[in-house]
Amino acid sequence: MKRILFLISFIILIMNALAFAFNINDLRIELARRDFWEFCKINSPEFYREDRVFLREYCQTLQALYEGRIVKFSPEDPWQIVDQKALQDHIKCTRLMINVPPRHGKSRTLVLFTSWVFGHDNESRVITCSYNDEEAKDFSKYTRDTIMEEKSDVDANDIVFSDIFPGTKVKHGDAGFGKWALDGQFFNYKGAGIGGAVTGKGGKILIVDDPVKGDEIAYSETALNKIWKWYTGTFLSRREEGAIEIMNHTRWSDLDPCGRILAGPDGHSWYVFKREAYDSVSNMMLCPDLLSRESYEYLKRNADRAIFMANYHQVTIDDKDRLYRELKTYSDIPGEFERIISYTDTADEGDDYLCSIVAGEYRKELWILDVLYTKAGMEVTEPQTAEFFVQNDVRHSKIESNNGGRGFARAVERILWEEYGTRRVHITWFHQTKNKLARILTESNYIMQHVYFPHNWHERWPEFFKDIMRFKKESKNVYFDAPDALTGLAEMVNQGVREMQAHRAT
């Protein structure tokens with residue numbers, strides 16, 4: 001009898017525990033339905049934690065935008081987030097700009113926000129754009145995966161999207177990531193990369209997610225103009241009346257979408273959610289779990305200064321004193337070159353770079369083919385340069401003879417003959433007496449108009465790329481080596497042209 005009573009008591013205890021668990025789950029489901037932050041916590045509890053205050057503020061801002069709770073009471077007032085939706089005599093914000101350091105959950109949270117919105121409104125139509133089609137595909141895939149997640153076989157109490165929003169399901173058989181719909185709808189989601197097509201119906205929510213992918217785009221006015229033209233022409237043409245607009249990206253340039261919007265006539269209509277990785281006033285990191293002070297200081301010491309400030313402090317890389325404002329790039333060479341030439345600036349001091357550039361010349365224009373940019377000693381760079389010439393089939397090479405350059409040139413000639421058995425590379429060395437900065441400034445227009453760089457040169461020669469792009473007209477420059485060699489290459493083409501013009505003038 002005692003055993004039976006014990007068994008009954010144990011069963012009752014288990015049933016009470018299960019009832020309590022289910023009641024707790026019911027409460028969590030209801031909270032997640034009402035509160036976007038709670039929805040994120042259920043979806044990824046290891047990432048969306050209560051101690052990550054910044055993430056909670058970000059989620060609350062997105063929800064306030066959706067619910068029309070970002071308002072101002074007169075045109076002169078700043079935007080503010082209020083608690084109640086039903087407000088009188090107010091101006092409602094429908095445009096949100098997000099500028100936050102990398103790897104802090106910006107895009108991840110926007111994916112969950114899109115899913116949460118669909119849970120509240122099956123008729124909502126969302127259009128997103130990203131840097132390219134692959135990024136856009138990922139955004140679409142993660143949104144769909146969130147909605148279609150199934151319960152785990154291990155934990156029956158696991159809460160998934162369908163528990164929170166049982167009436168929202170992806171239409172059966174609608175498998176395309178570019179465009180898809182929910183049950184009972186014709187169209188709910190469209191995603192595209194910059195430059196892609198977004199034809200069809202308009203959107204109630206328009207999201208631009210990370211359209212400027214890195215400094216190589218930020219340094220190119222042409223690339224930024226292309227993004228802006230597509231955004232203002234193709235993308236905004238899909239905007240329905242009263243639509244919510246979200247612009248999410250790191251602040252790179254005054255010409256990036258955020259910069260142009262804020263400088264334009266409608267800049268005041270955007271609520272800006274801007275955060276820096278480190279706040280010097282409070283001496284606190286934005287989210288130490290995602291970026292510690294130690295990691296921040298390491299990046300500050302080692303990363304390029306301009307790129308670091310853009311990524312972690314939303315300070316644009318624009319500098320009106322930058323010499324090379326716009327450089328041309330290529331994907332395909334024009335066929336047979338008239339000649340392949342090289343210019344080499346040897347390292348003057350221990351901290352200088354040896355810079356050797358190879359280019360193909362065609363109709364007085366240059367296509368940069370290869371770059372050797374190194375701080376290694378001459379015992380390394382002499383054989384390295386000889387191999388560099390052979391690999392790139394160089395025919396004409398000029399080497400500055402200043403500070404040991406003449407000996408360097410002779411050593412390269414010797415190695416070419418002894419190790420490669422060739423004298424096909426015609427090497428000349430000379431002593432450079434002209435003012436370095438004056439030479440660089442003189443040839444800068446020619447370089448911007450008639451020199452073409454590989455489209456991925458920022459990846460192939462990152463240090464060379466940085467030293468070219470951050471070189472300034474008047475301010476003190478740390479490294480002249482890259483622009484000096486580039487200038488020398490331009491002089492190899494233009495010297496003959498100028499001599500001919502001078503002869504004709506006489």
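Computed over heavy atoms, backbone and side chain alike; hydrogens, waters and symmetry mates excluded. The first residue of the sequence shown is numbered 1, and numbering continues consecutively from there. Predicted model, so just to flag it, every value in this text is computed and none were measured.
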Checklist line | Cys258 side, atom SG; Asn99 side, atom CG - distance, nearest 0.5 Å | finding: 4.5 Å

Notebook entry, point to check: Can you tell me how far OH of Tyr48 sits from CZ of Arg56, rounded to the nearest 0.5 angstrom?
Noted result: 14.0 Å

Checklist line | Atom of Ala32, atom of Phe39 and distance for their closest heavy-atom approach | finding: O-CB, 3.6 Å

Checklist line | Spacing of NE2 belonging to His313 relative to OH belonging to Tyr296, to within rounding of 0.5 Å | finding: 2.5 Å

Notebook entry, point to check: Only one of Arg239, Arg238, Lys204 clears salt bridge (charged side-chain N to carboxylate O under 4.0 Å, His left out) with Glu245; which?
Noted result: Arg239

Item checked: Interatomic distance, Glu67 atom CD to Asp83 atom CG [nearest 0.5 angstrom] -> 10.5 Å

Notebook entry, point to check: What distance separates Ile227 CD1 from Thr222 OG1, expressed to the nearest 0.5 Å?
Noted result: 11.0 Å

Item checked: Axial cation check for Phe453 ring with Lys328, 6.0 Å and 45° limits -> no

Next item on the list: Return the set of residues passing salt bridge (Lys or Arg N to Asp or Glu O under 4.0 Å) with Arg103 (not counting sequence neighbours), or none when no residue passes.
Entry: none

Notebook entry, point to check: Are Asp145 and Lys141 within salt-bridge range, i.e. N to O under 4.0 Å?
Noted result: yes

Check: Do Arg275's NZ or CZ and the ring of Phe273 fall within the cation-pi criteria of under 6.0 Å and 45°?
Finding: yes

Next item on the list: Could you list the residues that satisfy side-chain contact (heavy atoms from CB on, under 4.5 Å) with Pro462, not counting sequence neighbours?
Entry: none

Notebook entry, point to check: So, is the end of the Arg108 side chain (NZ or CZ) under 6.0 Å from the ring centre of Phe47 and within 45° of the ring's axis?
Noted result: yes

Next item on the list: Check Ile217, Ile194, Thr250 against Val212 for a side-chain contact (heavy atoms from CB on, under 4.5 Å) and give me the one that passes.
Entry: Ile217

Check: Is Glu38 paired with Arg33 through a side-chain N to carboxylate O contact shorter than 4.0 Å?
Finding: no

Notebook entry, point to check: Is Lys375 positioned over the aromatic face of Tyr353, cation under 6.0 angstrom from the ring centre and no more than 45 degrees off axis?
Noted result: yes

Notebook entry, point to check: Looking only at heavy atoms, which two atoms of Leu62 and Phe36 are closest? And how far apart?
Noted result: CD1-CE2, 3.9 Å

Check: What residues, two or more places apart in sequence or in another chain, satisfy side-chain contact (heavy atoms from CB on, under 4.5 Å) together with Ser162?
Finding: Val160

Checklist line | Cationic tip of Arg293 above Tyr278 ring, under 6.0 Å, 45° of axis | finding: yes

